[in-house]
Amino acid sequence: RLATRLALVYAGPYKTRCYLAKYSPNGIVSPSAIIEHSKLQLSCDVYLGDRVTIYEAHNSGHVILSEGVRLYSDIVIETGEGGALTIGEGTHIQPRCNLSAYKGSIIIGKRVEIAPNCGFYPYNHAIEPNKPMQSQGLVSKGDIIIEDDAWLGFASIVLEGVQIGKGAVVGAGAVVTKDVPEE
């Protein structure tokens, strides 16, 4: 951590720091990142920016960040009961995205570009009559799968059971509830 802090002082702000990830076997993790996950696997050349949070809830699966993954500022990753996350090589996720893998997993391919403020939720709350929302369990229609070279626009939301095909483009502000075909 001390070596990381010293290197970052001279590296400049924000994305200018990414080049430092090449010099560490586990990439570069900002000192302000919060990592509370026992099953986190970082490959080489991974960059975790300022205030990235990776959190593990009860009965959680793994989080795998492949070579060249870039997670910029203020991203929140959570895995919980029945959920896991895998991000493929060279994928970039821009600031303020939320990846919350409960009941289903999130599988993101290689070289995927994800714009700021996107959300990924492979689960939903059950809706039982006469039962308060806080007492409702979680349900899922399946994993979220985003294939290689896809591009998701600003503030896209991807919901349970969706597959986004190779090279597909999802427009800004879209709420994706059905599969998107390969481009």
Side-chain angles (χ1 to χ4, degrees), residues 1 3-37 39-56 61-79 83-101 105-122 143-158 164-174 176 180 183:
R1 283 258 201 222
T4 300
R5 285 181 189 272
L6 289 173
L8 291 175
V9 166
Y10 299 103
Y14 193 43
K15 293 180 182 180
T16 59
R17 299 173 169 188
C18 290
Y19 77 91
L20 292 173
K22 295 180 191 299
Y23 301 111
S24 173
N26 290 326
I28 195 91
V29 177
S30 169
S32 65
I34 300 168
I35 310 293
E36 293 290 333
H37 206 293
K39 298 173 192 135
L40 173 63
Q41 298 175 35
L42 296 176
S43 296
C44 62
D45 195 18
V46 168
Y47 174 77
L48 301 183
D50 292 335
R51 298 170 306 281
V52 168
T53 299
I54 302 177
Y55 175 75
E56 174 183 25
H62 62 260
V63 171
I64 298 173
L65 305 178
S66 300
E67 185 175 343
V69 167
R70 302 288 185 256
L71 301 180
Y72 298 110
S73 314
D74 301 303
I75 292 170
V76 176
I77 293 172
E78 285 184 65
T79 59
L85 172 70
T86 302
I87 302 176
E89 294 176 16
T91 290
H92 296 180
I93 302 179
Q94 301 300 321
R96 296 173 307 283
C97 289
N98 189 308
L99 298 92
S100 189
S105 294
I106 302 169
I107 302 150
I108 300 173
K110 298 175 184 176
R111 299 171 306 279
V112 174
E113 295 292 335
I114 299 173
N117 295 337
C118 290
F120 302 84
Y121 307 99
D143 298 339
I144 292 172
I145 300 171
I146 302 170
E147 295 181 10
D148 298 347
D149 303 308
W151 180 24
L152 283 77
F154 184 87
S156 299
I157 298 173
V158 182
I164 296 174
K166 184 175 182 176
V169 176
V170 173
V176 186
V180 177
E183 280 295 309

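Just so it is clear, the model here is predicted, and its values are computed rather than measured.
- Nearest heavy-atom pair, G61 versus H37, reported as atom, atom and distance to 0.1 Å: O-CE1, 3.2 Å.
- In terms of heavy atoms, S100 sits closest to I106 at N-CD1, 3.8 Å.
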Step by step, would you call R70 with D45 a side chain to side chain contact (heavy atoms under 4.5 Å, CB included)? CA-CA 9 Å; R70 302 288 185 256; D45 195 18; 3.0 Å; yes

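- Going from atom CG of L48 over to atom CD1 of I34 covers 12.0 Å, rounded to the nearest 0.5 Å.
- Between the Q94 side chain and the P116 main chain, no donor and acceptor come within less than 3.5 Å of each other.
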Take I54 and L85, measure what side chain to side chain contact (heavy atoms under 4.5 Å, CB included) needs, and give me the verdict at the end. CA-CA 11 Å; I54 302 177; L85 172 70; over 6 Å; no

side-chain hydrogen bond (donor to acceptor under 3.5 Å, both in side chains) for T79 and H62? Distances and angles first, verdict last. CA-CA 8 Å; T79 59; H62 62 260; over 6 Å; no

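- The backbone N or O of V69 sits nowhere less than 3.5 Å from a side-chain atom of T91 that would complete a donor-acceptor pair.
- The shortest distance between side-chain heavy atoms of V176 and L152 does not fall below 4.5 Å.
- Between the CD atom in E56 and the CG atom in L40 there is a gap of 9.5 Å [rounded to 0.5 Å].
- Here the closest non-hydrogen pair linking I164 and A150 is CG2-CB, 4.1 Å.
- Although no hydrogens or angles enter the test, the distance criterion places no donor-acceptor pair under 3.5 Å between the side chain of S105 and the main chain of I107.
- To the nearest 0.5 Å, atoms CZ (R111) and CD (E89) are separated by 8.0 Å.
- Here the CD1 atom belonging to I93 is positioned 5.0 Å from the CG atom belonging to L71, to the nearest 0.5 angstrom.
- One N or O on the side chain of S66 and one on the backbone of I87 form a donor-acceptor pair closer than 3.5 Å.
- One finds the CZ atom of F120 at 5.0 Å from the CD1 atom of I108 (value rounded to the nearest 0.5 Å).
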What's the verdict on side chain to side chain contact (heavy atoms under 4.5 Å, CB included) for Y55 and V76, showing C-alpha distance, side-chain angles and the deciding distance? CA-CA 8 Å; Y55 175 75; V76 176; over 6 Å; no

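- At a cut-off of 3.5 Å, with distance as the only test, no side-chain donor of S73 or D50 sits close to an acceptor on the other residue.
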Output, in order, the C-alpha distance, side-chain angles, deciding distance and verdict of salt bridge (charged side-chain N to carboxylate O under 4.0 Å, His left out) for D148 and K110. CA-CA 5 Å; D148 298 347; K110 298 175 184 176; 5.4 Å; no

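- Aromatic ring orientation, Y72 versus Y47: tilted (interplanar angle from 30° to 60°).
- Between C118 and G153, the shortest heavy-atom contact is SG-O, 3.3 Å.
- Residue A84 comes nearest to A101 through the heavy atom pair O-CB, 3.5 Å, listed as atom of the first residue, atom of the second, then distance.
- The two atoms that bring S156 and G171 nearest to each other are OG-O, 3.3 Å, heavy atoms only.
- Partners of D74 by salt bridge (charged side-chain N to carboxylate O under 4.0 Å, His left out), not counting sequence neighbours, listed by chain and number: R51.
- Residues satisfying the salt bridge (charged side-chain N to carboxylate O under 4.0 Å, His left out) criterion with E78, sequence neighbours excluded, are absent altogether.
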